[in-house]
Amino acid sequence: MRQTDKLLAEKLLKISAIKLQPEIPFVWASGWNSPIYTDNRKTLSYPDVRNFIKVQLSQLILENFGDAEVVAGVATGAIAQGALVADTLGLPFVYVRSAPKDHGLENLIEGNIKPGQKVVIVEDLVSTGKSSLKAVQAVRDAGAEVVGMVAIFTYEFPVAAEAFEKANVKLITISNYSAMIQAAVATGYIKESDAAILQLWREDPEHWTPKGITLD
């Protein structure tokens, strides 16, 4: 039986929630060149994939953060999936904005959260970890306790691992970059030689350029 991390990676590749272009890179908002682009919002349009993710995230929470009293989704990508998970577990749901509203009550957290409550955070994608940990801090600032975070996918950047450790946040994901590379090779999505390129990118994503291309 295929491992869950590789199985999900196959599903994400199949529906183009993950796209790989080792030779013609994407450019992220940060300016980084990247052989991968991930948009897990696409999973919501595929009931089988959506349900698979919902079940797996719920299982991760039950197994690792069973004392959670509230589920918090990170805006915007994890709002829908977080709500699905909260419904499955029968728990209250809130979501954390990237910035406070500029009108009304100027909420940063939408929904009711009480000081002292144990909160598990749901994220769709972990990159450098900055936005994910910003949500963690918002929940902590509200007086609640973050028991951990679950996510659909992580790029496994060393800088993210260091940031989560420093913030004392346990992160568990369904799938990850390493499993995705294995799945992409196994299904013929990429060649073995492309796998080496993808590995090099993760080691130094900020300065990576595809072979044969130099940037000014």
Within a reach of under 6.0 Å around CD of Glu192, are more than 12 heavy atoms found that belong to other residues, nucleotides or ligands? no

Got a second to check how far Thr128's OG1 is from Trp32's CH2, nearest 0.5 Å? 6.0 Å

Does Glu165, at its CD atom, have more than 12 non-hydrogen atoms belonging to other residues, nucleotides or ligands within less than 6.0 Å? no

Is the count of non-hydrogen atoms from other residues, nucleotides or ligands lying under 6.0 Å from Asp204 atom CG greater than 12? yes

Are any of the side-chain heavy atoms of Phe153 and Leu8 separated by less than 4.5 Å? no

Tell me, do Phe164 and Lys170 make a side-chain contact under 4.5 Å, heavy atoms counted? no

Please examine the side chains of Phe157 and Arg202, heavy atoms only from C-beta on, and report whether any two atoms are closer than 4.5 Å. yes

Are Gln199 and Glu203 close enough that a side-chain donor and a side-chain acceptor fall under 3.5 Å? no

Ala83: side chain to side chain contact (heavy atoms under 4.5 Å, CB included) partners, not counting sequence neighbours: Phe93

Could you walk me through whether Glu145 and Lys118 pass the salt bridge (Lys or Arg N to Asp or Glu O under 4.0 Å) test, one step at a time? CA-CA 5 Å; Glu145 177 188 349; Lys118 297 180 184 297; 3.0 Å; yes

Report yes if some heavy atom in the side chain of Gln81 is under 4.5 Å from a heavy atom in the side chain of Lys54; otherwise report no. yes

Would you mind reporting whether Asp124 and Val74 have side-chain heavy atoms less than 4.5 Å apart? no

Going by the rule ring pair (Phe, Tyr, Trp, His ring centres under 6.0 Å), which residues pair with Tyr37 if we only count those two or more places apart in sequence or in a different chain? Phe26

In Å, rounded to the nearest 0.5 Å, how long is the span from OH of Tyr155 to OG of Ser178? 13.5 Å

Find out whether Arg140 and Val146 are in side-chain contact, i.e. whether some heavy atom of one side chain is under 4.5 Å from a heavy atom of the other. yes

Taking the side chain as everything from C-beta on, heavy atoms only, tell me whether Glu10 gets closer than 4.5 Å to Thr187. yes

Have Gln3 and Lys6 got a donor and an acceptor in their side chains that come within less than 3.5 Å? yes

Counting heavy atoms not belonging to Asn112, are there more than 12 under 6.0 Å from its CG? no

Min side-chain heavy-atom separation Leu198-Ile190 under 4.5 Å: yes

Test side-chain contact (heavy atoms from CB on, under 4.5 Å), reference Ile174, set Asp5, Val55, Leu60, Val150, output is Leu60

Please confirm whether the backbone N or O of Ile36 pairs with a side-chain atom of Trp201, one donor and one acceptor, at under 3.5 Å? no

Nearest-0.5 Å distance that lies between atom CD in Glu156 and atom OG in Ser127: 12.0 Å

From Arg50 atom CZ to Leu44 atom CG, the distance as rounded to the nearest 0.5 Å: 7.0 Å

Under the rule for salt bridge (charged side-chain N to carboxylate O under 4.0 Å, His left out), what residues qualify as partners of Arg41, not counting sequence neighbours? Asp39

